[in-house]
Amino acid sequence: MEAKVGKFFDSVTNFFSGSDQLPWCDADIIAGCEKEAAEANGSDESKNECLTRFSWALVHSRRTEDIERGIAMLEASIASTTDPLKMREKLYLLAVGHFRRGDYSRSRELVEQCLMIEPEWRQAQSLKKAIEDRITKDGVIGIGIAVSAAGLIAGGIAAALSRKK
């Protein structure tokens, strides 16, 4: 019985905390990736790999400015991407960035494009589930707020009418 109660409280805590399984990236890692990208010499392939790692670090940051910068870098590079696997990776990173920004509809569109390229990609499937869970959670919270507001208004009207009598 205690295990069931514990699982219930864990699920409620996870619902309201909005935790996801995506990794976070700190400023030191971002700085290292930025330095690596700036110092990248050699082939275009090597430079693109450095920029992709840097974009990965940016969209996994906790800072909105970093996420925005990562999204801009990815959007600028996606037009010149012809390799389907690299396209899939960039679309996924864009979906992560939009998810972290709270733009769940755009994130879902991008992750669905990833899954069109590779339907069995578990990372994209996990992100899609996290997006759908977050959309559901936001909808439930929105309904709760609306119902609470309606209850407060109805209570206020009832109190005002009872005072008139």
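Just so it is clear, the structure is predicted and the values come from calculations on it, not from any experiment. Starting from 1, each residue takes its place in the sequence as its number.
- Hydrophobic clustering (ILVMFWY, side-chain heavy atoms < 4.5 Å, transitive): Leu74 and Leu51 are in distinct clusters.
- Expressed to the nearest 0.5 Å, how far CG of Leu93 lies from CZ of Arg88 amounts to 10.0 Å.
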Practice item. Go through the steps for Lys129 and Glu132 under the test salt bridge (Lys or Arg N to Asp or Glu O under 4.0 Å), then give the verdict. Key: CA-CA 5 Å; Lys129 182 177 179 343; Glu132 290 169 353; over 6 Å; no

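- Under the rule for a side chain to side chain donor-acceptor pair (under 3.5 Å), the partners of Glu45 that lie at least two apart in sequence or sit in another chain are Lys86.
- Interatomic distance, Cys114 SG to Glu118 CD, rounded to the nearest 0.5 Å: 9.5 Å.
- Here Met73 contributes atom CE and Leu94 contributes atom CG; the two are 11.0 Å apart, rounded to the nearest 0.5 Å.
- The existence of a salt bridge linking Glu34 and Arg69 is confirmed by a sub-4.0 Å separation between a basic side-chain nitrogen and an acidic carboxylate oxygen.
- Residues Trp56 and Glu89 fail the side-chain proximity criterion, which asks for heavy atoms closer than 4.5 Å.
- Checking side-chain atoms of Arg100 against main-chain N and O of Leu22 turns up a donor-acceptor pair under 3.5 Å.
- Side-chain heavy atoms closer than 4.5 Å link hydrophobic residues (I, L, V, M, F, W, Y) into clusters, and following such links, even through other members, never connects Ile29 to Val59.
- Met116 and Met87 are not part of a single hydrophobic cluster, where members link through side-chain heavy atoms under 4.5 Å apart.
- Checked by atom type and distance alone, the side chain of Glu120 never pairs as donor or acceptor with a backbone atom of Gln125 at under 3.5 Å.
- The pair Arg63-Asp66 counts as a salt bridge, with a side-chain nitrogen and a carboxylate oxygen less than 4.0 angstrom apart.
- To the nearest 0.5 Å, atom CZ of residue Arg101 and atom CD1 of residue Ile67 are 9.0 Å apart.
- Expressed to the nearest 0.5 Å, how far CG of Leu115 lies from OH of Tyr92 amounts to 10.5 Å.
- Annotation: the span from Ser55 atom OG to Ile30 atom CD1 amounts to 11.0 Å, rounded to 0.5 Å.
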